[in-house]
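See structure below.
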Number of protein chains: 2
Amino acid sequence: MVSIKDIAKSVGVSTATVSKALNHKSGVSQTVRNQIIEKAKEMGYVVNGLARGMKISKTFTVGVLVSDIKNPFFSEVISAMERVLYAKKYNLMICNVGENPQKEVEYLELLVSKKVDGLIVAPAAEGQNLSIYRNLVRHGMKIVLFDRLIDSVNCDSVVIDNRASIYEVTKYLKDRGHKKIGSIYGIEKSYTGHERLNGFKEAIEELNLEYHKEWVRSGFFREEDSYKQSLEILAKSSKPTAIIAMNNFSTLGLMRAVKELEIKVPDDLSIIGFDDAEWMKVCSPSITTVIQPADAIGMTAATLLLDAIENENIHTIQHVVLKAKLIERESVKSLI
Amino acid sequence: MVSIKDIAKSVGVSTATVSKALNHKSGVSQTVRNQIIEKAKEMGYVVNGLARGMKISKTFTVGVLVSDIKNPFFSEVISAMERVLYAKKYNLMICNVGENPQKEVEYLELLVSKKVDGLIVAPAAEGQNLSIYRNLVRHGMKIVLFDRLIDSVNCDSVVIDNRASIYEVTKYLKDRGHKKIGSIYGIEKSYTGHERLNGFKEAIEELNLEYHKEWVRSGFFREEDSYKQSLEILAKSSKPTAIIAMNNFSTLGLMRAVKELEIKVPDDLSIIGFDDAEWMKVCSPSITTVIQPADAIGMTAATLLLDAIENENIHTIQHVVLKAKLIERESVKSLI
DNA sequence: TTGTAGGCGTTATCAA
DNA sequence: TTGATAACGCCTACAA
């Protein structure tokens with residue numbers, strides 16, 4: 001590998017001069033500068049990021065922790081982050097932590113050792129590693145939390161109004177004559193799972209809807225569990241007239257159960273999903289669903305992190321709450 | 001940040017001893033070793049990967065280049081890679097290059113400067129950067145190509161038997177009485193696009209099926225284009241009885257057109273998709289499709305790369321071809 | 001078993 | 001405008 005030393009020798013100047021020239025700093029005559037740049041290109045010079053990183057304490061790398069990159073929601077968020085970060089020449093280190101706090105810890109340590117400039121994190125479900133995040137922040141690590149919040153970690157965050165959106169959706173069903181509403185909710189101990197379920201419960205209570213324990217089951221945000229729980233709900237003789245699924249996998253599981261039982265949607269059962277996916281437009285009936293602004297979430301998180309990194313002194317911590325929105329399609333029937 | 005120097009001072013030994021102890025190397029007494037490890041933990045020491053990387057010329061980081069992380073196929077492949085690489089404590093740098101060769105070049109340079117230990121790449125569509133890859137290999141960079149091949153780059157690769165699988169699928173339709181078969185193919189200049197289309201053309205010819213130019217259109221592996229082209233095909237008075245879509249987005253676009261035109265599948269039109277997605281099981285009718293072994297592709301690619309990196313001397317280059325397989329569901333009708 | 005010292009490739013300081 | 005040199009934190013001969 002060719003280094004600035006090689007270039008220096010080849011051009012007949014010092015490494016200091018080469019460094020200045022290549023970094024477009026002042027203190028080099030135009031002629032020498034051009035010579036150096038020319039020669040560098042000719043020799044195929046590429047800066048050694050490790051050495052530079054050591055020297056300037058900056059790596060142009062950020063770590064991203066999510067629970068599952070296969071979840072289309074996270075894919076879309078990550079894709080948006082990538083767009084923003086690439087524009088500033090940063091790389092992303094993607095870490096899939098499942099819901100495994102141990103893996104979360106290990107990845108965090110790996111990322112710290114690699115001296116990432118910042119972290120964008122959807123913390124593992126139960127927030128067991130709260131103290132680690134607090135510690136990182138205290139040591140100056142720039143962190144942006146998204147999707148899931150952890151209390152008392154003093155850093156930027158981007159989430160949606162989970163509670164309100166589920167509340168509204170439940171009301172939407174009531175307004176269409178539904179009184180018996182079930183739901184496939186997620187991981188109760190996770191931020192999103194908790195918030196969405198609470199939005200649902202609040203709505204049930206405040207809007208005087210029937211609450212039926214059998215109709216409200218956790219699918220743990222997983223397709224398989226959601227499928228099984230949906231079967232349980234739909235096998236009863238006393239069924240709800242509508243079910244809300246609280247993320248994309250839950251929606252999928254519910255749909256599988258519905259198909260298997262040959263239940264007609266929306267005639268025999270209305271369905272509202274959560275998250276968007278291309279297929280929800282395309283299947284029959286198309287799925288009415290709550291769409292998270294995944295792209296905006298990713299862009300916002302990345303932008304906040306960049307600001308925290310590059311304007312360390314003037315950056316002020318922000319807690320951004322974005323709105324999710326209901327898209328009406330064909331899976332809800334009005335009973336009125 | 002605490003360094004081995006701090007630990008050395010604190011324990012009262014030299015940095016050399018600390019380094020040996022922390023890296024589980026011989027030459028340190030058990031007592032001193034324990035003291036050091038203890039103290040390191042106490043002080044919250046984390047190794048500086050940049051310094052280490054510089055010294056040992058290894059970063060435990062690999063770069064992954066794909067065209068679109070939002071494509072569920074790539075998400076699944078990446079997820080499998082992550083599993084394999086995490087087990088050996090490697091990190092992934094994910095680079096979304098779209099089909100933009102310029103971005104591909106820039107990311108490549110970024111990754112080289114960051115001294116990644118290897119690269120796993122699905123090259124941008126038209127393979128314009130062939131010479132760059134060749135150069136990298138020549139300079140000792142470990143590369144595994146997947147999904148798309150580039151000729152004359154001397155490195156490991158993992159692909160599926162695109163041509164054969166489309167051929168078989170076409171035959172499958174013929175065996176069920178279909179003689180008028182259309183297709184929404186992909187990017188003709190890309191490896192996968194080209195191979196799949198050729199498999200189709202070969203089948204049409206060899207099996208004496210009707211070839212109708214109007215029925216064979218490129219959707220560029222994109223949903224929107226595939227949708228439009230599907231509309232074109234289906235608007236004609238003389239329609240095919242079956243259409244093969246050649247990736248997941250093409251399938252989606254085709255489905256959208258079908259839904260919009262209220263065409264009954266499979267009664268009025270049979271459909272075979274490509275790639276799998278959870279929804280294809282769930283929608284009505286469920287979609288008969290060619291499934292790529294995405295998980296195996298990712299695992300194989302990562303395993304090959306690890307072998308190339310860790311057993312540099314004895315590693316032999318392999319070109320793995322995996323089989324795609326047709327999953328029969330409900331979207332094909334037998335006309336016989 | 002332990003320690004000394006050099007060097008990986010940069011950048012930054014300061015003197016020439 | 002230029003260059004010599006120190007330092008970033010680590011690993012590793014080699015010496016003690």
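Proteins get letters first, then strands, A, B, ... in listed order; numbering begins at 1 in each.
Contact annotation: Ser14(B) reaches the phosphate of dG3(C) (side-chain N/O to OP1 or OP2, under 4.0 Å).
Side chain to side chain, Ser14(B) and Thr17(B) meet the donor-acceptor criterion of an N or O pair below 3.5 Å.
Heavy-atom distances under 4.0 Å link DNA chain D to Val32(A) of residues 32-52 of chain A, given in residue order.
Residue pairs satisfying the side-chain hydrogen bond (donor to acceptor under 3.5 Å, both in side chains) criterion with at least one member in residues 44-53 of chain B, sequence neighbours excluded, are listed as follows: Asn23(B)-Arg52(B).
Atom CD of Glu310(B) has more than 12 neighbouring heavy atoms from other residues, nucleotides or ligands inside a 6.0 Å radius.
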Residues Thr192(B), Phe221(B); criterion side-chain contact (heavy atoms from CB on, under 4.5 Å); working and verdict: CA-CA 10 Å; Thr192(B) 46; Phe221(B) 285 148; 3.6 Å; yes
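Counting only heavy atoms from C-beta on, Thr17(B) has its side chain closest to dG3(C) among dG9(D), dA4(D), dG3(C).
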Distances for protein N/O vs nucleotides 12-16 of chain C N/O pairs under 3.5 angstrom?
residue: dA12(C); atom: OP2; partner: Lys25(A); partner atom: NZ; Å: 2.9

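End-to-end axis angle of the helix from dT1(C)-dA16(D) to dA16(C)-dT1(D), from C1' rotation axes over five pairs per end: 40° (rounded to 10 degrees).
Listed by chain and number, the residues in a ring-ring contact (aromatic ring centres under 6.0 Å, His included) with Tyr191(A) amount to none (sequence neighbours excluded).
A donor-acceptor pair is defined here as one N or O able to donate and one able to accept, closer than 3.5 Å; no such pair exists between the side chain of Ser10(B) and the backbone of Asp6(B).
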Report, one line per pair, each donor and acceptor closer than 3.5 Å where one atom sits in a side chain of residues 61-69 of chain B; sequence neighbours left out.
residue: Thr61(B); atom: OG1; partner: Lys114(A); partner atom: NZ; Å: 3.2
residue: Thr61(B); atom: OG1; partner: Thr59(B); partner atom: O; Å: 3.1
residue: Asp68(B); atom: OD1; partner: Lys70(B); partner atom: N; Å: 2.8

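Rounded to whole Å, the distance from CD on Gln30(B) to C1' on dT1(C) is 13 Å.
Between Arg148(B) and Glu104(B), no side-chain nitrogen of the basic residue sits less than 4.0 Å from a carboxylate oxygen of the acidic one, so the salt-bridge criterion is not met.
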